[in-house]
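Reminder, nothing fancy here: chain letters follow the sequence lines and each chain counts from 1.
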2 protein chains.
Amino acid sequence: MNLSLRQMRAFAALAEARNFTRAAEQCSLTQSAFSSLISNLEAGLGLKLFSRNTRNVELTNEGEVFLNIVNTLLPETERALEEMRSQAELRRGKVAIAALPTIYSSILPSLISRFHAEHPGVELIIKDTANTGCIEHVRHRRVDFALCAATSEGSDFIAETLASDSFHFVCHASHPLAKRRSLTASEVQEAFPIIVYDGASSIRQHLDAVIYPQQWRRSYEVNSLSTAAALVIEGLGATIIPTLGLRQFRDPHLRAIPIDLPINERNICLLRLKHRTPSLAATAFIALVREHFETELDRLRPSNSFRAKLS
Amino acid sequence: MNLSLRQMRAFAALAEARNFTRAAEQCSLTQSAFSSLISNLEAGLGLKLFSRNTRNVELTNEGEVFLNIVNTLLPETERALEEMRSQAELRRGKVAIAALPTIYSSILPSLISRFHAEHPGVELIIKDTANTGCIEHVRHRRVDFALCAATSEGSDFIAETLASDSFHFVCHASHPLAKRRSLTASEVQEAFPIIVYDGASSIRQHLDAVIYPQQWRRSYEVNSLSTAAALVIEGLGATIIPTLGLRQFRDPHLRAIPIDLPINERNICLLRLKHRTPSLAATAFIALVREHFETELDRLRPSNSFRAKLS
DNA sequence: CTATTTTACGATCTGCGTAAAGATG
DNA sequence: CATCTTTACGCAGATCGTAAAATAG
């Protein structure tokens with residue numbers, strides 16, 4: 001006897017419906033195929049499970065015994081398969097991630113290619129959005145997790161700090177401050193015109209907080225790093241960028257000067273919902289992220305000269 | 001995915017043996033068939049369970065997960081099938097029977113012991129109750145079948161007549177009629193005091209019907225044969241008993257005289273619900289009952305002298 | 001007569017075995 | 001290169017669907 005899941009499903013459906021036609025529909029089978037499926041099950045077990053005629057279908061005593069068994073065995077088996085399906089989702093699954101533009105443009109590309117090489121069947125969806133958007137994506141479960149700046153929002157989140165980067169004053173080589181080795185907050189504030197970012201941005205939020213209650217004398221408010229970069233290159237102003245964003249400003253005419261801010265570190269964290277077990281695919285990606293920040297942490301250290309990297 | 005018992009068995013064997021050839025042998029399959037069986041299982045689950053080459057077979061991480069599942073699921077499934085096998089082989093089961101006291105006390109004991117000897121694992125539940133009770137037990141499916149007097153109740157029942165017995169006047173040896181060889185209905189009606197049975201009793205129902213619209217001049221109305229027997233032995237009255245009930249009145253001081261009633265035969269039948277396939281255990285018991293009445297039918301024939309048997 | 005199950009039968013799919021090919025230490 | 005697994009392929013049995021037959025209220 002080779003009892004199969006399909007047989008148990010069919011039996012359970014018939015025991016429930018007590019009607020071949022409806023039970024067959026439920027199993028996506030023709031009534032005739034369903035009938036022989038039940039017959040085969042009965043033959044396999046060597047006993048009648050249902051006493052039936054054209055008007056009435058009901059369990060025999062032996063059928064009752066089998067129903068008791070199936071009532072525990074079937075859910076367990078289904079659950080087992082569901083468990084395996086979750087496993088399988090590592091190979092053909094989906095990971096949705098939200099990430100700050102600075103993170104997306106710096107560390108994610110290499111992680112994506114490594115993950116894809118390891119799990120070629122897993123679909124990766126990455127939304128690059130400012131900090132506020134990242135948090136909302138996580139909150140509404142539109143992503144498995146986010147890589148963004150630390151947040152203090154509620155206790156629904158788990159925020160794991162992965163690294164922290166610091167801020168740099170980025171200007172054209174012809175800028176009056178271009179040759180300085182370091183700058184103070186007040187010096188930077190005087191460096192008008194300065195290019196700032198949209199209020200949803202973690203950079204803007206951080207910088208606003210740092211000089212509170214003062215405000216930035218801004219001439220431009222942009223949404224993307226690349227726009228800011230274009231403006232700076234054109235000599236229309238300077239901007240302030242955390243370490244991870246510097247890559248966007250690699251240009252021979254630009255200079256990046258470390259700033260000494262009251263709160264100079266921006267924490268990069270892995271943000272996810274507390275009561276949501278990440279899928280295995282997501283877990284795998286998270287592992288890759290953690291590994292990245294462990295092995296390449298030094299790259300983020302402000303002690304490294306980024307001036308050199310920009311030229 | 002239609003997980004089957006065979007797939008689980010094969011997986012367990014391979015996880016144990018870690019060798020396709022030996023695991024295949026254990027499953028009574030060629031190595032090639034076994035290989036594709038495992039492949040199909042992996043394809044069905046959507047993941048590799050074993051990482052293998054020609055020298056080495058071992059479980060993947062996903063395989064380990066599946067092994068944990070199978071280690072509980074497989075034994076449970078096997079046990080379930082074993083349970084059903086026991087049912088099929090009548091090594092387990094339950095038969096519930098309702099029977100008239102006259103039947104219970106006459107033919108059932110030997111049938112019970114024969115059935116028990118043949119099927120020691122089958123539980124027997126026998127309710128001795130008057131005719132009305134028997135019918136209700138069948139109607140409400142509290143018993144698999146009943147051995148009782150024929151009924152004309154509705155078409156939900158199947159009533160198979162097994163035998164018929166006839167009625168006897170039973171009295172103390174000192175009774176005025178004790179020496180008669182036979183009696184008529186009117187003679188019996190005059191034989192006051194007469195002990196009758198509760199209205200639910202088939203004997204009472206039969207006798208009431210026989211003399212309708214007259215009524216029995218009763219002095220005692222009892223529920224059990226043994227009570228009636230005690231009364232008769234004490235000389236407090238006579239009673240009327242069908243053949244099957246005579247056994248209760250075996251006493252040297254009692255006499256049983258055949259009565260010539262207008263309807264002298266009480267049909268003993270096997271009563272069950274029409275649309276209910278009896279369990280295997282019940283079927284086996286029914287077979288025993290039929291066999292009994294086929295081989296020992298003569299015992300019930302009123303032609304036999306029961307006077308002799310009583311002394 | 002109507003609703004329902006069973007049977008008949010051909011097409012398709014699955015699973016097994018034989019035998020050959022492929023892989024690996 | 002010896003051993004073990006996978007692949008190729010034909011056959012047998014299982015399963016499915018369509019359609020007709022049987023059954024029961």
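When DNA chain C is scanned 5' to 3' for any atom under 4.0 Å from a heavy atom of chain A, the first and last hits are C:dT2 to C:dA8.
Residue-level contact check: A:Asn19 touches the backbone only, with heavy atoms under 4.0 Å from sugar-phosphate atoms and none from bases. Using a 4.0 Å heavy-atom cutoff across all strands shown, B:Asn56 reaches no nucleic acid atom at all. Across all strands, B:Thr21 comes closer than 4.0 Å only to sugar-phosphate atoms, never to a base (heavy-atom distances). Looking at heavy-atom distances under 4.0 Å, A:Arg22 makes no contact with the nucleic acid at all.
Salt bridge status for B:Arg142 with B:Glu136: absent, with no side-chain N to carboxylate O gap under 4.0 Å. Under the 4.0 Å criterion applied to side-chain N and carboxylate O atoms, A:Arg85 and A:Glu82 are assigned as salt-bridge partners. Using a cutoff of 4.0 Å between basic side-chain nitrogens and carboxylate oxygens, B:Arg114 and B:Glu291 are scored as salt-bridged. Taking 4.0 Å as the cut-off between side-chain N and carboxylate O, B:Arg290 and B:Glu160 count as a salt-bridged pair. Look at B:Glu83 and B:Arg92 and you find a salt bridge, because one of the NZ, NE, NH1 or NH2 atoms lies within 4.0 Å of a carboxylate O, short of that distance. With salt bridges taken as basic N to acidic carboxylate O contacts below 4.0 Å, one links B:Arg52 and B:Glu42.
The overall bend of the helix from C:dC1-D:dG25 to C:dG25-D:dC1, read as the angle between its terminal helix axes built from five base pairs each, is 30° when rounded to 10 degrees.
Taking the side chain of B:Gln31 as heavy atoms from C-beta on, and the options D:dC16, D:dA19, D:dT6, the nearest nucleotide is D:dT6. Across D:dT6, D:dT15, D:dC16, the shortest atom-to-atom separation from the side chain of B:Phe20 is found for D:dT6.
Atom CZ of B:Phe11 is separated from atom CE of B:Met8 by 11.0 Å, given to the nearest 0.5 angstrom.
Taking the six-membered ring where tryptophan is involved, the planes of A:Phe285 and A:Phe115 are tilted, since the angle between them lies from 30° to 60°.
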So which protein nitrogen or oxygen atoms get under 3.5 Å of nucleotides 21-25 of chain D's nitrogens or oxygens?
{"from": "D:dT23", "atom 1": "O2", "to": "A:Thr54", "atom 2": "OG1", "distance (Å)": "3.2"}
{"from": "D:dA24", "atom 1": "O4'", "to": "A:Thr54", "atom 2": "OG1", "distance (Å)": "2.8"}
{"from": "D:dG25", "atom 1": "OP1", "to": "B:His275", "atom 2": "NE2", "distance (Å)": "2.5"}

**OP:** Could you walk me through whether B:His206 and B:Phe167 pass the ring pair (Phe, Tyr, Trp, His ring centres under 6.0 Å) test, one step at a time?
**Re:** CA-CA 10 Å; B:His206 188 97; B:Phe167 289 85; 4.5 Å; yes
